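Take a look at the structure set out below.
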Amino acid sequence: MEFDTIAAISTPMGEGAIAIVRLSGDEAVAIADKIFKSPNHKRLNEVASHTIHYGHLIDPKTDEVVEEVMLSLMRGPKTFTREDVVEINCHGGIVSVNRVLQLVLQYGARLAEPGEFTKRAFLNGRIDLSQAEAVMDLIRAKTDRAMNVALGQMDGKLSRLIMSLRQALLETLAQVEVNIDYPEYDDVEEMTIPVLLEKCGWVREEIIKLLQTSSQGKILREGLSTVILGRPNVGKSSLLNSLVQENKAIVTDIAGTTRDIIEEYVNVRGVPLRLVDTAGIRETEDIVERIGVERSREALKDADLILLVLNYGEALTIEDERLFETIQAMDYIVVVNKTDIERKIDLNRVHELAGKHRVVTTSLLKEEGVMELEEAIAALFFEGQVEANDLTYVSNARHIALLHQAQQVIEDALAAAEAGVPVDMIQIDVTRTWEILGEIIGDTVQESLINQLFSQFCLGK
Amino acid sequence: MSLQYEAGNFDVIVVGAGHAGVESAYAAAKMGAKTLMLTINLDMIAFMPCNPSVGGPAKGIVVREIDALGGLMGRIIDKTHIQMRMLNTGKGPAVRALRAQADKFQYQHEMKRVLEEEPNLQIHQAMVDELIVEDGEVKGVITQVGAIYRAPAVIITSGTFLRGEIILGNLKYSSGPNNQQPSIKLADNLKELGFDLIRFKTGTPPRVNNRTIDYSKTEIQPGDDVPRAFSFETTEYIMDQLPCWLTYTTEETHRTIEENLHLSPMFSGMIKGTGPRYCPSIEDKVTRFSDKPRHQIFLEPEGRNTREVYVQGLSTSLPEHVQKKLLSSIPGLENAEMMRAGYAIEYDSVIPTQLWPTLETKKIQGLYTAGQINGTSGYEEAAGQGLMAGMNAAAKVLGREEIILDRSDAYIGVLIDDLVTKGTNEPYRLLTSRAEYRLLLRHDNADLRLTEVGYKAGMISEERYAKFQLKKAKIEQEVARLREVIIKPNSTTQEVIRSAGGAELKDGIRGADLLKRTEMTYDLVASLTPSEIELSDDIKEQIEIQLKYEGYIQKALQQVEKMKKLENKKIPENIDYDAISSLATEARMKLKSVRPLSIAQASRISGVNPADVSILLVYIEQGKIAKVSTN
């Protein structure tokens with residue numbers, strides 16, 4: 001069919017051990033092929049239809065591994081939409097599935113409108129005529145709900161920033177346009193390439209900044225990735241349990257079968273934490289050696305916060321000191337647990353190693369010190385927030401995808417301006433940037449340029 | 001009422017002979033319809049009641065399009081201008097536009113002469129009071145004197161005449177432009193027939209005698225000294241040109257306006273119609289942009305055989321004595337004798353969403369409206385609509401296919417689509433920024449875009465068409481050659497590139513790729529690899545633009561391709577929007593009123609959101625599937 005390729009998360013958010021991102025359209029296989037790496041180097045455009053493949057999703061730009069996936073490939077017309085369909089089975093949880101979605105959006109898919117898969121199924125003759133009414137109702141209902149959700153998600157600061165970027169672009173465009181439509185008008189500064197470069201350069205910088213903060217936005221929505229670290233038997237599981245018991249778990253992911261890591265979502269004094277407990281890994285192994293294991297390194301690399309647990313009743317070991325070394329560049333809190341037994345640890349040495357980082361003593365057995373720990377976590381986050389407050393968060397996959405597009409297009413405009421392309425050609429890309437930013441806040445009325453033109457300049461005969 | 005009599009039967013009747021009317025009448029006649037053009041005053045055919053100029057950004061391209069389709073405006077202005085200038089030459093090719101200063105009297109005379117020569121066209125002086133309508137179909141018109149003219153198609157091009165009222169200071173009187181007879185009964189008749197009308201306002205500045213202008217205090221604005229023309233057929237060029245002159249308002253001008261603002265009908269509330277923002281009166285400019293110390297005033301001759309000069313920039317409805325004071329405050333015009341005062345005019349327009357994209361009214365079959373009556377302003381906008389209405393009326397009567405230009409085909413397509421899809425709440429003017437595909441809608445390629453359409457309709461002669469085909473073939477041949485030919489980095493090549501300010505070649509390069517460099521022109525590339533065929537300047541220009549901006553053009557074409565898919569999804573005329581319960585209420589109301597012909601048009605209606613478009617698509621597809629299954 002003549003449709004472009006759409007993508008969406010097809011499983012409910014936050015539930016289940018796996019999640020599915022679905023692609024449908026002419027380019028579905030090609031897009032998946034760009035980002036899929038199978039261990040035996042098979043190419044998706046060569047594999048048989050209705051087959052399933054194990055491999056990794058990589059970001060071709062950075063060669064970074066994004067996810068470990070099972071990918072089902074089904075060519076049309078024997079699919080739900082009668083188009084080529086690729087379903088990417090990835091790990092459950094908001095983070096992983098969102099990353100997969102963003103990746104496919106970045107490499108050519110468009111985020112599906114509400115009800116669009118069903119609409120295509122219908123338009124391509126897959127769904128029976130009697131269901132047409134249901135399809136229309138579905139589109140309506142989903143759109144209304146999506147709209148409410150989108151409005152709820154739209155942070156006031158983000159929309160204000162986008163609006164100010166659009167306004168800057170609009171003023172630039174108006175100045176380009178006024179020179180075109182009123183060439184003899186003496187009052188307007190000719191929109192020169194240097195001016196255009198400056199204005200568009202600024203917009204590009206702001207977009208890049210927004211994209212950089214998007215990971216921080218993710219923290220607010222998806223939780224601060226928190227790793228509990230420590231030698232065996234220091235009380236890591238107890239710490240996890242007591243944090244979970246004290247605080248209502250938001251989402252619980254069952255221990256994965258492919259990953260020996262347990263994730264728990266908890267809300268600690270308003271700070272959302274995604275607790276990653278390495279305790280799931282076989283306790284008997286030497287912890288320091290285990291740090292060497294790729295998987296745990298990964299968990300540490302992605303962590304926003306480390307809770308390093310030490311044993312109050314034991315002297316510091318070489319392993320403990322090496323753990324301090326490993327996490328020295330990261331945000332961490334030291335938890336000295338088991339104050340219920342006799343002290344053997346050198347607390348001065350602990351403070352020395354921790355430097356400016358907080359040290360909290362607890363007895364998880366007696367439920368002592370947990371309050372202090374929670375306060376320490378909240379303080380760390382909210383103190384960090386003082387800075388972060390000035391930033392705007394972008395957290396929605398659709399917004400991030402649109403921002404990436406906007407960045408791409410404004411880069412084109414800037415490159416053209418530097419190459420000496422006439423201003424009215426560059427305008428095409430500037431206008432497109434303005435439109436894309438408008439899609440983020442749901443406003444792309446063309447008439448506003450003409451309004452800007454006549455309010456900004458005194459024109460006419 | 002006077003005694004009625006049968007005055008004759010026609011295929012198409014055109015009411016009005018302004019810029020829309022003349023194109024309508026000519027097109028209908030040219031296509032073979034027996035045509036009658038009625039006008040209140042035969043001496044006012046193609047009269048320019050406001051500025052003596054044709055063209056400019058966007059509008060100039062419309063004139064080229066009219067010419068490519070076989071219309072008149074370009075041909076006539078080429079013969080009757082006093083100067084011509086290409087605007088925006090320093091910018092990209094998409095926005096270049098030609099503008100002519102007209103000898104407005106010669107323009108009228110030449111237009112009248114050409115129309116009088118047209119065998120299928122009868123011209124008659126008469127005021128139309130009433131339309132004959134039976135069973136929702138137009139059957140003819142009745143004039144003030146009771147003459148009944150019958151025709152299955154009628155085009156109304158009444159400009160600002162419908163219940164026209166001139167306003168000057170505290171004076172308001174019933175009148176057409178320039179004190180002509182207004183058309184009142186026809187306006188009442190349209191209302192009775194159920195049309196929704198809207199009141200608009202426009203205005204014009206005073207005129208002065210050039211004998212009394214001190215040009216030494218102004219700046220000269222000459223025309224271009226290279227031959228230029230709107231029409232693709234023009235071969236003779238007017239090189240004897242008259243200049244325009246530039247001066248400015250002063251602090252005194254602004255003070256005078258402020259002191260007399262209470263006398264302005266704009267501010268006293270006497271003017272109720274909505275005026276165009278892009279054509280504001282001087283009192284509007286001074287009050288809205290009070291920090292601007294001066295405004296430009298262009299002095300434009302109204303013709304070769306008159307001393308009257310149009311004072312562009314001083315449009316006003318202030319009382320006559322204040323206008324005189326304003327003039328005397330402007331350098332060069334201190335002693336200028338005012339020959340006519342400026343004035344504002346209010347008039348009725350038909351809300352254009354009541355029209356199909358053919359400009360036929362939805363209410364009454366066979367009835368068309370074109371030009372200012374549809375809420376536009378500008379001679380070129382009027383002429384473009386007139387041409388399309390004339391062609392479509394003739395096509396309907398002669399049983400041929402309707403002619404609708406897409407937004408990607410022509411500025412005329414943008415104009416008509418905007419009007420019938422979005423309507424307008426102020427007099428509508430074309431701007432280049434209204435055209436999303438303006439890179440495709442250029443001055444230089446109007447013939448390539450539209451000659452085929454004009455030829456198919458019977459508007460283009462065989463001789464002209466053959467010439468066009470030859471031009472097209474030459475362009476294609478040379479573009480294909482440049483894509484193939486490889487230019488070697490020898491000393492001649494490097495020298496040419498170096499002297500043009502470019503970086504030397506490291507390797508051989510295809511001609512087309514070399515032309516893409518900013519510093520290169522077609523002539524420079526051709527000096528390294530001469531064409532095997534002789535090419536005229538306009539062909540060379542075409543090749544240069546097509547290759548140089550290929551990347552951008554391709555991007556635009558891809559967008560067009562996407563939109564075309566939706567344009568091709570037609571909405572059945574008898575669709576019942578009330579039966580589609582999932583549509584949002586606002587969308588349903590808008591769809592019912594606009595009745596779009598395609599999904600693409602529906603998507604352009606404000607208030608119809610993507611979900612509604614999706615629902616519409618599903619609903620229409622359901623209808624198709626239903627048909628297939630019953631079969």
Side-chain angles (χ1 to χ4, degrees), chain A residues 2-4 113-116 118-119 122-123 125 128-129 132-133 135-144 146-147 173-174 176-177 179-187 190 416 419-429 431-432 445-447 449-451 453-455 457-461, chain B residues 50-51 56-58 87-88 90-95 97 205 221 246 276-280 284-285 288-289 292 295-296 298 312-315 422 431-434 436 438-439 518-519 549 552 555-556 562 565 580-584 606 609-612 614-615 617-619 621-622 625-626 629:
Chain A
E2 67 235 51
F3 296 118
D4 54 355
E113 290 162 22
E116 200 172 3
T118 316
K119 183 182 99 180
F122 176 81
L123 290 180
D128 172 88
L129 177 60
E133 199 69 28
V135 174
M136 289 188 274
D137 287 344
L138 173 88
I139 292 170
R140 168 58 57 203
K142 280 210 174 185
T143 307
D144 292 348
M147 211 120 99
L173 283 170
V176 173
E177 297 302 321
N179 285 317
I180 292 168
D181 275 317
Y182 294 89
E184 285 159 322
Y185 184 65
D186 67 346
D187 197 43
E190 186 81 15
V421 171
V423 173
D424 55 282
M425 306 284 238
I426 302 166
Q427 163 273 340
I428 296 170
D429 285 329
T431 306
R432 186 70 199 120
V445 192
Q446 226 209 346
E447 195 67 14
L449 174 59
I450 286 154
N451 291 334
L453 204 58
F454 290 108
S455 58
F457 305 107
C458 172
L459 302 164
K461 295 165 179 179
Chain B
C50 201
N51 56 323
L87 305 172
N88 288 333
K91 305 193 178 85
V95 298
Q221 305 268 302
L246 172 63
R277 275 177 301 180
Y278 43 75
C279 213
D284 243 4
K285 288 192 225 175
R288 281 186 51 219
F289 295 89
K292 226 191 138 182
H295 296 275
Q296 284 167 309
F298 291 94
Q312 198 226 85
L314 208 67
S315 174
K422 296 181 186 147
L431 298 162
T432 61
S433 42
R434 294 197 197 266
E436 60 274 46
R438 75 174 171 206
L439 181 57
T518 340
E519 73 277 2
Y549 301 108
Y552 283 96
K555 243 195 233 176
K562 257 192 194 166
K565 282 179 186 160
I580 315 173
S581 55
S582 325
L583 285 174
S606 61
N609 66 40
D612 297 309
S614 281
I615 289 165
L617 205 58
V618 169
Y619 183 83
E621 213 61 29
Q622 173 197 16
I625 296 170
S629 25

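Treat the numbers as computed from the prediction; the structure is a model and nothing was measured. Order of the sequence lines fixes the chain letters, A, B, ..., with proteins taken first and strands second; residue numbering starts at 1 for each chain.
- Only the side chain of A/I428 comes within contact range of chain B, with heavy atoms under 4.5 Å apart.
- For B/L617, the parts lying near chain A are the backbone and the side chain together; criterion is any non-hydrogen pair under 4.5 Å.
- To the nearest 0.5 angstrom, B/R438 atom CZ is 4.0 Å from A/Q427 atom CD.
- Side chains of B/S582 and B/Y619 form no contact here, defined as non-hydrogen atoms less than 4.5 Å apart.
- Salt-bridge check for A/D4 with B/K562: failed, with every basic side-chain N at 4.0 Å or more from each acidic carboxylate O.
- Per-residue heavy-atom pair counts under 4.5 Å with chain A were compared for B/C50, B/A58, B/G92, and the maximum is reached by B/G92.
- Using a 4.5 Å cut-off between heavy atoms, B/T518 touches chain A through its side chain atoms alone.
- Two residues are said to be in side-chain contact when any heavy atoms from C-beta on lie closer than 4.5 Å; B/K555 and A/D429 meet this criterion.
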